[in-house]
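The figures that follow rest on heavy atoms only: side chains count, while hydrogens, waters and symmetry mates do not.
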Amino acid sequence: MDFQDVLEKLDFAELVFTKVNLSKSGVNRFRGLSPFTSEKTPSFYIDNQAKTWYCFSSGQGGGVIDYIMKTENLDKMESMSFLKDYLGIYEEEETEESKIKKALNIAHKFFLKEQRLAVSYLEERGISKENAENIASKYELGVLNNKNLYKYLLSAGVEESIIKKTGIFYEDNNSRYLNRMTIPIRNEYGSIISFTGRDLTGSAKSKYMHGITTNIFKKKNVVWNLSKVRNMITEQDRVIVCEGQMDAIAVAELGLPAVAILGSKVSEQQLLTISKLTNNIYMIFDSDRAGEDGLISAFKMLSSMDLDSVFYSVIIPGDKDPDDYIKNNGVDHFIK
């Protein structure tokens, strides 16, 4: 498949919407706030048919690859790989890695069939229906509420040996994410490499179920949501590091560059990745023993790594986590 065929498969507006809230401005035209500058009046326009964009506030524009290069901080070849991964396009002679990614992408589409349940869950957390729908769409939240996933993957032509290497299933072929809201975990090129499952029953031992280590996924290497807020991090010269994705989403929706490390134990690789973008690292963890221990461990690790960074550790007072604090005390107080 040549690159023009790849471009024809792309819904450019859908790609841009992962970083920019777009509204209609004409036939096949959309506008939104610039992803490159801080502004209150939309000056960023895209033509979905021509697959072009222009940002009046920064004076930049171009095509799809130019957009990916600037928003993802990738070179041209990396941007082309990013786009193919985003679209789920793989070479005819697939490697085991590409087969696993393809299987994960198929599973993701299965989860998204029940996105309405994810919206309902967000509404139960006190989020308005409109905002819940926007968040579910923006962060690609799904739900697995039946045991048909294994059969679905087989019927889609995924080899059984590949299914077992995705990290989605237990030995009995039941999914790790049953009765959970699914949150995709993507690599730096936008390819899904695993999932997190957030319990919806209230009875599971683990509130969050992260994917197990596989050939393509190692939790210690992941900084979740980084691709969405990378430019915001450099623009604001700070990053807010949370434990879980729901906290990161709550903070990011306030206009702050929030990421998640998928737990309370930060790794050297995660700190290295973050410190390349800013020297101001805010760690906001849950107000429990694990959160406190995690902050102390992170501080010691950062101090020993000889990085030119300032480390701000924050224990949320009187509330369990950042999301609760925002709900109970308000946005302005949280930002202060």
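More than 12 heavy atoms of other residues, nucleotides or ligands shown are found within 6.0 angstrom of CG on D75. More than 12 heavy atoms of other residues, nucleotides or ligands sit less than 6.0 Å from atom NZ of K164. Within 6.0 Å of atom CD in E130, 12 or fewer heavy atoms from other residues, nucleotides or ligands are found, so the atom counts as exposed in its surroundings.
No donor-acceptor distance shorter than 3.5 angstrom exists from the side chain of T37 to the backbone of S34, with no hydrogens or angles considered. A side-chain donor-acceptor contact under 3.5 Å links S304 to the backbone of M301. When atom types are taken as modelled, the side chain of N131 and the backbone of S128 share no donor-acceptor pair closer than 3.5 angstrom. No donor-acceptor distance shorter than 3.5 angstrom exists from the side chain of S297 to the backbone of G294, with no hydrogens or angles considered. No donor-acceptor distance shorter than 3.5 angstrom exists from the side chain of T278 to the backbone of I274, with no hydrogens or angles considered. Looking only at distances, a side-chain donor or acceptor of N225 sits under 3.5 Å from a matching main-chain atom of A258. Side-chain atoms of S81 come within 3.5 Å of backbone atoms of M77 as a donor-acceptor pair (strictly under, hydrogens ignored). Under the 3.5 Å distance criterion, the side-chain polar atoms of N187 are matched with a main-chain donor or acceptor of S191. No donor-acceptor pair under 3.5 Å is formed between the side chain of E123 and the backbone N or O of A132. When atom types are taken as modelled, the side chain of N328 and the backbone of D324 share a donor-acceptor pair closer than 3.5 angstrom.
A side chain to side chain donor-acceptor pair (under 3.5 Å) check over residues 174-184, counting only residues at least two apart or in different chains, returns the pairs D172-N174. Residues in residues 13-44 take part in these ring-ring contact (aromatic ring centres under 6.0 Å, His included) pairs, two or more places apart or across chains: F36-W53, F44-W53. Counting only residues at least two apart or on different chains, no ring-ring contact (aromatic ring centres under 6.0 Å, His included) pair has a member in residues 226-263. For residues 132-152, the set of pairs meeting the salt bridge (charged side-chain N to carboxylate O under 4.0 Å, His left out) definition, not counting sequence neighbours, comprises K138-E253, E140-R186. Identified under the ring-ring contact (aromatic ring centres under 6.0 Å, His included) test for residues 262-286, with sequence neighbours left out: Y282-Y312. Note on residues 246-271: no pairs pass ring-ring contact (aromatic ring centres under 6.0 Å, His included), not counting sequence neighbours. Within the structure, every pair that satisfies the salt bridge (charged side-chain N to carboxylate O under 4.0 Å, His left out) test and touches residues 291-305, not counting sequence neighbours, is listed here: R289-D293.
If you chain together hydrophobic residues whose side chains sit under 4.5 Å apart, L256 and I135 never meet in one group. Grouping the Ile, Leu, Val, Met, Phe, Trp and Tyr side chains by contacts below 4.5 angstrom, directly or via other members, places F195 apart from L112. A continuous path of ILVMFWY side-chain contacts below 4.5 Å connects F110 to I193, so both sit in one hydrophobic cluster. Under the 4.5 Å side-chain contact rule for hydrophobic residues, I249 and I335 do not share a cluster. One hydrophobic cluster, built from ILVMFWY side chains closer than 4.5 Å, holds both V143 and I127.
Side chain to side chain, K220 and Q270 fail the donor-acceptor criterion of an N or O pair below 3.5 Å. Residues N134 and S137 bring no donor and acceptor atom of their side chains to less than 3.5 Å of each other. No hydrogens or angles considered: a donor-acceptor pair under 3.5 Å links the side chains of Q245 and T196. A donor atom on one side chain and an acceptor atom on the other are not found under 3.5 Å apart for T41 and E39.
The shortest distance between side-chain heavy atoms of I168 and I163 does not fall below 4.5 Å. Residues D199 and K205 have side chains not in contact (no heavy-atom distance under 4.5 Å, counting atoms from C-beta outward). With contacts defined as side-chain heavy-atom distances shorter than 4.5 Å, the pair I192/I185 does not qualify. Residues L104 and I216 form a side-chain contact, since some pair of their non-hydrogen atoms from C-beta on lies under 4.5 Å apart.
Summarising the hydrophobic clusters (Ile, Leu, Val, Met, Phe, Trp, Tyr; side-chain heavy atoms under 4.5 Å, direct or chained), the residues clustered with V119 are none. Cluster partners of F56, by chain and number: Y45, Y54. The rule joins Ile, Leu, Val, Met, Phe, Trp and Tyr whenever side-chain heavy atoms lie under 4.5 Å apart.
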(request) Could you check K76 against E78 for salt bridge (charged side-chain N to carboxylate O under 4.0 Å, His left out), going step by step and ending with a plain yes or no? (result) CA-CA 5 Å; K76 187 173 182 178; E78 289 173 336; over 6 Å; no
(request) Report the C-alpha separation of V16 and Y67 in whole Å, then their side-chain angles, then the decisive distance to 0.1 Å, and conclude whether the side chain to side chain contact (heavy atoms under 4.5 Å, CB included) test is met. (result) CA-CA 9 Å; V16 174; Y67 174 79; 3.8 Å; yes
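F311 and F299 have tilted rings, their planes meeting at an angle from 30° to 60° on a 0 to 90° scale.
Every residue two or more places apart in sequence or in another chain was checked for a salt bridge (Lys or Arg N to Asp or Glu O under 4.0 Å) with K207, and none qualifies. For E97, the salt bridge (Lys or Arg N to Asp or Glu O under 4.0 Å) partners at least two apart in sequence or on another chain are K101. By the salt bridge (Lys or Arg N to Asp or Glu O under 4.0 Å) test, K165 pairs with E96, sequence neighbours left out.
L122 and M246 make their closest contact through CD2-CE, 3.5 Å (heavy atoms, listed as atom of the first residue, atom of the second, distance). For V229 against P257, the heavy-atom pair with the smallest separation is CB-CA, 4.0 Å.
Cation-pi geometry between K228 and Y139 is satisfied (NZ or CZ under 6.0 Å from the ring centre, within 45° of the ring normal).
Applying the side chain to side chain contact (heavy atoms under 4.5 Å, CB included) test between L7 and each of L87, I65, L83 identifies L83 as the sole match.
Salt bridge annotation for D323-K327: present, with a cationic side-chain nitrogen under 4.0 angstrom from a carboxylate oxygen.
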